[in-house]
Structures are given as C-alpha cells and as structure tokens.
Amino acid sequence: MVISHGFYKEIIVEDFPLRGKTVLLHIKQRRWLNKTTQKVIYRDWNLVAHGTRMTIEFAAFLKAINQY
C-alpha cells in the first residue's frame with residue numbers, strides 16, 4: 001500500500017518571458033511512502049536543464065535556434 005508522504009522542498013524555475021514578463025514556475029514534488037517496505041517513492045523528473053535556471057524544453061529551443 002502506498003500513501004501520500006508530503007512534498008519535497010519547492011523549487012522555482014525561471015523560464016522565458018511572455019509578453020515581456022518573467023515566468024516563475026513554483027514546482028512541488030510529491031513523495032509517497034510504501035507502507036510495506038517503508039521506502040519513499042517519487043518520480044525522477046528532470047525539469048531543469050543542468051547548469052541553467054530554465055526548463056529542458058526551453059534550453060533545447062534556444063539551442064536549436066542558435067544553430068542557424
């Protein structure tokens with residue numbers, strides 16, 4: 001049986017501006033407790049590109065447009 005076990009610390013991702021305004025994404029990652037094994041379970045999401053403060057998708061977009 002798996003039950004909700006709270007959240008990890010919130011992260012804030014600064015993404016590309018829309019209409020001249022900065023977009024700040026506040027992300028909370030939920031964690032779950034497996035009551036049988038007493039282990040914490042969570043999804044491993046790579047939301048932020050390594051070494052940046054932007055999403056992986058936006059970093060890929062910038063990389064693609066800079067190749068031209």
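- Taking CD of Glu10 as the reference point, atom CD1 of Ile27 lies at 9.0 Å (rounded to 0.5 Å).
- Looking at His5 and Ile3, their side chains never come closer than 4.5 Å, going by heavy atoms from C-beta outward.
- In this structure, the side chains of Tyr8 and Tyr42 come closer than 4.5 Å at one or more pairs of heavy atoms.
- Phe7 belongs to no hydrophobic cluster with other residues, because no ILVMFWY side-chain heavy atom falls under 4.5 Å from its own, directly or through intermediates.
- Considering only heavy atoms from C-beta on, Leu25 stays 4.5 Å or farther from Ile12 through its side chain.
- In this structure, the separation between CD1 on Ile11 and CD on Gln29 is 8.0 Å, given to the nearest 0.5 Å.
- A pairwise comparison of heavy atoms in Val40 and Arg31 identifies CG1-CB, 3.8 Å as the closest pair.
- Side-chain contact between Leu33 and Gln38: present, with at least one pair of heavy atoms (C-beta onward) separated by less than 4.5 Å.
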